[in-house]
Amino acid sequence: MRQKINEEVSVVMAYSAKHKKVKPYILDWKNKVYYLDNIGYCHSYMEGRERQHIFELVDREQTLHFRLRLDSSNLHWTLETIHDGLAD
């Protein structure tokens, strides 16, 4: 079931100069740490004058799907949705 969250979260990310890629690795939400696996989908769009970056990832256990948004104007992360992979 997909659940809308829209809460600011803490994220540890890395940037690879060699591959020119950004990847979130760790998500801290409600005092729980989630280790993130490969990016399933990412894109960016303009919201007014600010660019928003969307990352859709799963946790390492492949049980939870996260949709994260990085606001490039203030570098704040928002957990937009979480999904357990089951039908709604």
Side-chain angles (χ1 to χ4, degrees):
M1 177 186 299
R2 183 176 300 274
Q3 181 180 0
K4 288 186 180 185
I5 305 296
N6 287 324
E7 292 179 21
E8 273 197 26
V9 292
S10 297
V11 174
V12 175
M13 62 176 268
Y15 172 73
S16 168
K18 179 180 178 182
H19 297 100
K20 307 264 189 266
K21 301 247 182 196
V22 171
K23 183 180 184 305
Y25 278 97
I26 300 172
L27 166 65
D28 185 346
W29 175 51
K30 292 192 174 184
N31 296 318
K32 184 165 181 182
V33 174
Y34 299 90
Y35 293 93
L36 304 172
D37 205 357
N38 293 332
I39 295 173
Y41 179 73
C42 67
H43 73 280
S44 65
Y45 64 92
M46 296 299 290
E47 186 174 274
R49 293 183 180 173
E50 285 77 37
R51 180 163 298 278
Q52 306 295 313
H53 301 274
I54 302 297
F55 297 87
E56 296 203 15
L57 310 103
V58 295
D59 65 345
R60 284 194 185 155
E61 289 77 31
Q62 307 283 313
T63 57
L64 295 173
H65 303 255
F66 301 97
R67 180 182 173 102
L68 296 169
R69 178 172 46 90
L70 173 61
D71 184 334
S72 63
S73 69
N74 56 20
L75 300 179
H76 290 192
W77 287 90
T78 302
L79 175 59
E80 290 191 337
T81 62
I82 189 170
H83 191 281
D84 60 9
L86 301 174
D88 292 341

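Heavy-atom basis, side chains included; hydrogens, waters and symmetry copies ignored.
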Query raised in the report: L70, V22: one ILVMFWY side-chain cluster at the under-4.5 Å cut-off?
Result: yes

Query - Spacing of R69 atom CZ and Q52 atom CD [to the nearest 0.5 Å] - result: 5.0 Å

Query raised in the report: Within a strict 4.5 Å, meaning less than it, do heavy atoms of the K23 and I39 side chains meet?
Result: yes

Report task. Walk me through it: do I5 and E80 pass the test side chain to side chain contact (heavy atoms under 4.5 Å, CB included)? Result -> CA-CA 5 Å; I5 305 296; E80 290 191 337; over 6 Å; no

Query raised in the report: Roughly how far apart are R67 CZ and T78 OG1, rounded to 0.5 Å?
Result: 11.5 Å

Output a table of donor-acceptor pairs, distance under 3.5 Å, between side-chain atoms of residues 28-37 and any protein atom two or more places apart or on a different chain; print 'none' if there are none.
{"residue": "W29", "atom": "NE1", "partner": "E7", "partner atom": "OE1", "Å": "3.1"}
{"residue": "D37", "atom": "OD2", "partner": "Q62", "partner atom": "NE2", "Å": "2.6"}

Query raised in the report: Heavy-atom distance under 4.5 Å between the side chains of Y45 and I54, does that happen here?
Result: yes

Requested in this report: Using the rule that two of Ile, Leu, Val, Met, Phe, Trp, Tyr join whenever any of their side-chain heavy atoms come within less than 4.5 Å, decide whether Y25 and V58 are in one cluster.
Outcome: no

**Report entry** Validation row: L57, L68 side chains within 4.5 angstrom (heavy atoms)
**Finding:** yes

Query - Closest non-hydrogen atom pair, D59 against T63 - result: OD1-N, 2.8 Å

**Report entry** Spacing of OG belonging to S10 relative to NE2 belonging to H76, to within rounding of 0.5 Å
**Finding:** 10.5 Å

Report task. Might you point out which heavy atoms bring F55 and H53 nearest each other, and give the distance in Å? Result -> CE1-CB, 3.8 Å

Requested in this report: Would you give the length of the straight line joining atom NZ of K4 to atom OG1 of T81, rounded to the nearest 0.5 angstrom?
Outcome: 9.0 Å

Report task. Could you tell me whether the side chain of P24 reaches within less than 4.5 Å of the side chain of W77, counting heavy atoms only? Result -> yes

Report summary line: Taken to the nearest 0.5 Å, the spacing of Q3 CD from L79 CG works out to 9.0 Å

Query raised in the report: Quick one: CZ on R49 to CD on E47, what's the gap to the nearest 0.5 Å?
Result: 14.0 Å

Query raised in the report: Do the side chain of S72 and the main chain of R51 share a donor and acceptor less than 3.5 angstrom apart?
Result: yes

Query raised in the report: Side chains of I82 and L64: does their closest heavy-atom pair fall under 4.5 Å?
Result: yes

